[in-house]
Amino acid sequence: MQGSGRQRQARLRLTRQRTRPDRARSRQRSERPLRWWRRIPWAAMGAVIGATAAIGGLGGTAIATYYGAEVSDAIRFPNVIV
């Protein structure tokens, strides 16, 4: 009789794997439209924002360097008008 328990378990496992029209199935999820934050490709958006911030940072550094050099020249040569 010990073998019958194993056979029953195997039969139940195979029955669970089979799909038949008379077997109860789980309800299919309805296809709802995605919300706006789910439709945005966030990885690509993050890359674009990061690249824009990097370009802005370089531009800000260039402007600060230029005006820093102008101030330095104005301190070294106070009577020269450019």
Side-chain angles (χ1 to χ4, degrees):
M1 287 305 238
Q2 288 179 348
S4 64
R6 289 183 185 156
Q7 290 173 353
R8 182 171 187 270
Q9 287 176 352
R11 190 177 41 207
L12 287 174
R13 187 181 68 239
L14 291 172
T15 303
R16 283 188 215 111
Q17 292 175 356
R18 275 188 239 143
T19 57
R20 297 186 324 209
D22 60 339
R23 288 183 55 92
R25 292 185 182 165
S26 64
R27 180 179 287 179
Q28 297 294 326
R29 288 180 21 172
S30 64
E31 294 296 326
R32 295 185 330 206
L34 296 175
R35 300 208 185 259
W36 66 270
W37 63 83
R38 299 253 188 218
R39 288 181 285 192
I40 296 175
W42 288 106
M45 185 67 67
V48 168
I49 291 172
T52 304
I55 291 170
L58 287 174
T61 301
I63 292 169
T65 302
Y66 176 76
Y67 282 113
E70 289 293 322
V71 168
S72 175
D73 283 345
I75 292 172
R76 285 193 335 202
F77 308 110
N79 295 329
V80 177
I81 299 174
V82 179

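Small disclaimer: the values here were computed from a predicted structure and weren't measured.
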task = Kindly work out whether a path of hydrophobic side-chain contacts (I/L/V/M/F/W/Y, heavy atoms less than 4.5 Å apart) joins Trp36 to Val48.
result = no
Closest approach of Met45 to Ile40 (non-hydrogen atoms, all atoms of both residues) = CE-CG2, 4.0 Å
ask   = Sub-3.5 Å donor-acceptor pair from the side chain of Ser72 to the main-chain atoms of Gly68, do we have one?
value = no
message = Check for me, please, whether Ile55 and Leu58 land in the same ILVMFWY cluster - side-chain distances under 4.5 Å, paths through other members count.
response = no
query = For the residue pair Trp42 and Trp37, what are the closest heavy atoms and their distance?
reply = NE1-O, 2.8 Å
